Number of protein chains: 2
Amino acid sequence: MKNPLHNLESRELAARLSAAEPPAEIDPKLDALVREIIERVADKWTMLVLEVLEEHGTVRFTRLGELVGDISQKMLTKTVRQMESDGLIIRTVHPVIPPRVEYTLTPLGHSLSRAFCGVWIWAEQHYDEIERSRQSFRRRSSEEQ
Amino acid sequence: MKNPLHNLESRELAARLSAAEPPAEIDPKLDALVREIIERVADKWTMLVLEVLEEHGTVRFTRLGELVGDISQKMLTKTVRQMESDGLIIRTVHPVIPPRVEYTLTPLGHSLSRAFCGVWIWAEQHYDEIERSRQSFRRRSSEEQ
DNA sequence: CCTATTACTCTCCTTTGGGTAAGTATGAAT
DNA sequence: ATTCATACTTACCCAAAGGAGAGTAATAGG
């Protein structure tokens with residue numbers, strides 16, 4: 001039992017289970033899998049690489065780094081390796097010197113990019129609202145002191 | 001200059017700028033803002049809390065932790081504080097003993113939840129594909145050794 | 001007087017994220 | 001012989017994420 005918030009005595013737990021929401025409707029195993037994917041995929045570097053490849057098509061390593069913006073080689077390598085392992089991108093190595101490695105989205109990658117599209121649009125539409133909210137929060141916090 | 005991948009000599013940079021994509025079409029300041037929001041909001045705890053509140057409506061602190069799953073009190077507090085500051089949730093403190101604090105989504109929170117909906121659906125639809133991809137990646141990695 | 005309750009906060013600790021800088025492989029060009 | 005190019009890898013380091021567990025405030029009920 002890893003979660004300290006789960007330390008309920010069994011009678012209380014039983015009471016809650018019988019009282020609360022209907023039959024729970026979701027398979028816990030599938031839920032765990034989906035969560036793991038969400039955790040992995042909802043990573044800022046992954047999202048940024050995804051967006052760059054969606055916009056620019058096939059791109060080489062160094063250029064990809066430039067387009068993503070402040071990312072170190074280490075993080076870029078790590079991110080693309082993970083994305084390759086997850087089947088989001090394909091990595092093509094041309095056996096020439098100097099090396100030439102190209103990255104491009106798979107259909108799965110494109111579909112994820114489309115799924116994230118709504119979040120990008122949301123961010124564009126609401127960043128000013130968030131900014132205002134943060135300011136008033138700071139004001140409230142300092143006032144109540 | 002923070003990004004090592006940006007160390008291009010100026011002539012090469014100029015060449016690339018003139019050769020590459022059209023006029024760049026996006027305001028860099030807005031782009032930076034949007035990125036910052038994405039980075040903050042595309043956080044696993046934020047996404048999970050968002051989903052729980054979307055599904056269960058108004059929820060108290062301890063219950064929220066149970067519903068999210070393995071999250072420590074520390075992280076839960078930090079996450080909800082940030083979400084409150086960003087205007088995604090409202091936190092209602094009832095001045096009673098023992099304390100009673102309720103969390104609920106704002107309209108902004110609901111809209112973000114809707115934006116993320118596509119990602120949840122994507123994860124549900126593709127987790128098996130990702131799993132297969134990871135397995136074949138591991139197989140390939142160990143083979144080429 | 002003691003206990004239970006809730007939503008925290010605080011301290012201590014380990015793990016992960018992530019930056020910097022240097023090194024590597026290899027052939028073509030100077 | 002040296003330099004350059006590219007896509008890394010490795011070693012070292014610091015900061016942030018995050019878990020474990022104890023403590024706290026204040027009151028109602030035994």
Side-chain angles (χ1 to χ4, degrees), chain A residues 1-9 11-13 15-16 39-40 42-49 58-84 89-104 141 144-145, chain B residues 1-9 11-13 15-16 39-40 42-49 58-84 89-104 141 144-145:
Chain A
M1 184 172 310
K2 282 179 293 181
N3 183 349
L5 264 33
H6 282 338
N7 295 334
L8 300 173
E9 297 203 5
R11 52 183 165 72
E12 189 187 354
L13 206 141
R16 291 195 185 185
E39 283 175 27
R40 171 175 291 200
D43 159 75
K44 72 169 182 174
W45 296 130
T46 303
M47 287 190 66
L48 291 171
V49 167
T58 299
V59 169
R60 295 177 66 181
F61 182 82
T62 305
R63 179 78 178 131
L64 182 56
E66 291 166 16
L67 291 168
V68 167
D70 292 318
I71 185 172
S72 65
Q73 291 185 327
K74 188 175 117 179
M75 275 299 106
L76 184 55
T77 309
K78 192 178 164 187
T79 304
V80 292
R81 280 294 190 291
Q82 172 129 332
M83 290 176 76
E84 189 196 1
I89 60 179
I90 37 180
R91 177 171 170 271
T92 314
V93 182
H94 298 88
V96 296
I97 299 238
R100 178 182 191 85
V101 182
E102 290 178 330
Y103 297 91
T104 196
S141 302
E144 79 190 18
Q145 193 41 289
Chain B
M1 186 172 309
K2 282 180 292 183
N3 183 349
L5 263 32
H6 283 336
N7 296 335
L8 300 173
E9 296 202 4
R11 54 185 162 71
E12 189 188 352
L13 206 141
R16 289 197 186 183
E39 283 175 28
R40 170 176 291 202
D43 158 76
K44 72 169 183 174
W45 295 131
T46 302
M47 288 189 66
L48 292 170
V49 167
T58 299
V59 169
R60 294 177 67 180
F61 182 82
T62 305
R63 179 76 179 132
L64 181 55
E66 291 166 17
L67 290 168
V68 167
D70 293 318
I71 185 172
S72 64
Q73 290 185 327
K74 189 174 116 178
M75 275 299 106
L76 184 55
T77 308
K78 192 178 165 186
T79 304
V80 292
R81 281 295 191 291
Q82 173 130 330
M83 290 175 77
E84 189 196 1
I89 59 178
I90 37 180
R91 176 170 169 272
T92 313
V93 183
H94 297 89
V96 295
I97 301 245
R100 178 182 190 85
V101 181
E102 290 178 332
Y103 297 93
T104 195
S141 303
E144 79 190 20
Q145 192 42 289

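Basis for what follows: all heavy atoms, side chains included, without hydrogens, waters or symmetry-related copies. All figures in this text were calculated on a predicted structure; none of them were measured in a lab.
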Spatial distance of atom [atom1] ([X]) from atom [atom2] ([Y]) [nearest 0.5 Å]:
X       : Y       : atom1 : atom2 : answer
A/Asp43 : A/Met47 : CG    : CE    : 9.5 Å
B/Glu66 : B/Arg60 : CD    : CZ    : 10.5 Å
A/Lys44 : A/Thr79 : NZ    : OG1   : 10.0 Å

Just to confirm, is there a sub-4.0 Å distance from OP1 or OP2 of [N] to any side-chain nitrogen or oxygen of [X]?
X       : N      : answer
A/Thr62 : D/dT6  : no
B/Trp45 : D/dA17 : no
A/Arg81 : D/dC8  : yes
A/Lys78 : C/dG18 : no
B/Arg60 : C/dA7  : yes
A/Arg91 : D/dC8  : yes

Atom pair distance, as rounded to whole Å: [atom1] in [X] and [atom2] in [N]:
X        : N      : atom1 : atom2 : answer
B/Arg100 : D/dA28 : CZ    : P     : 16 Å
A/Asp43  : C/dT16 : CG    : C1'   : 12 Å
B/Arg40  : D/dA17 : CZ    : C1'   : 15 Å
B/Lys44  : C/dT16 : NZ    : P     : 11 Å
A/Asp70  : C/dG18 : CG    : C1'   : 12 Å
B/Met75  : C/dC8  : CE    : P     : 14 Å
B/Arg63  : C/dC8  : CZ    : C1'   : 19 Å
B/Glu66  : C/dT6  : CD    : P     : 10 Å

Only one of A/Val49, A/Leu48, A/Thr62 forms a side-chain contact (heavy atoms from CB on, under 4.5 Å) with A/Leu76, so which one is it?
A/Val49
Side chain of [X]: nearest nucleotide among [options]?
X        : options                : answer
A/Gln73  : C/dA7, D/dG18, D/dT9   : D/dT9
B/Lys74  : D/dG19, D/dA22, C/dA22 : D/dG19
B/Tyr103 : D/dT6, D/dA11, C/dC8   : C/dC8

Contacts of type side-chain hydrogen bond (donor to acceptor under 3.5 Å, both in side chains), residue B/Thr104, not counting sequence neighbours
B/Thr58
Indicate yes or no: at least one non-hydrogen side-chain atom of B/Gln82 is less than 4.5 angstrom from one of B/Thr46.
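Heavy-atom side-chain distance check fails, nothing below 4.5 Å.
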For nucleotides 24-30 of chain C, tabulate all protein N/O to nucleotide N/O atom pairs closer than 3.5 Å, reporting atom names and distance.
none

For residues 90-102 of chain A, which residue pairs qualify under salt bridge (charged side-chain N to carboxylate O under 4.0 Å, His left out), counting only residues two or more places apart or in two chains?
A/Arg100-A/Glu102
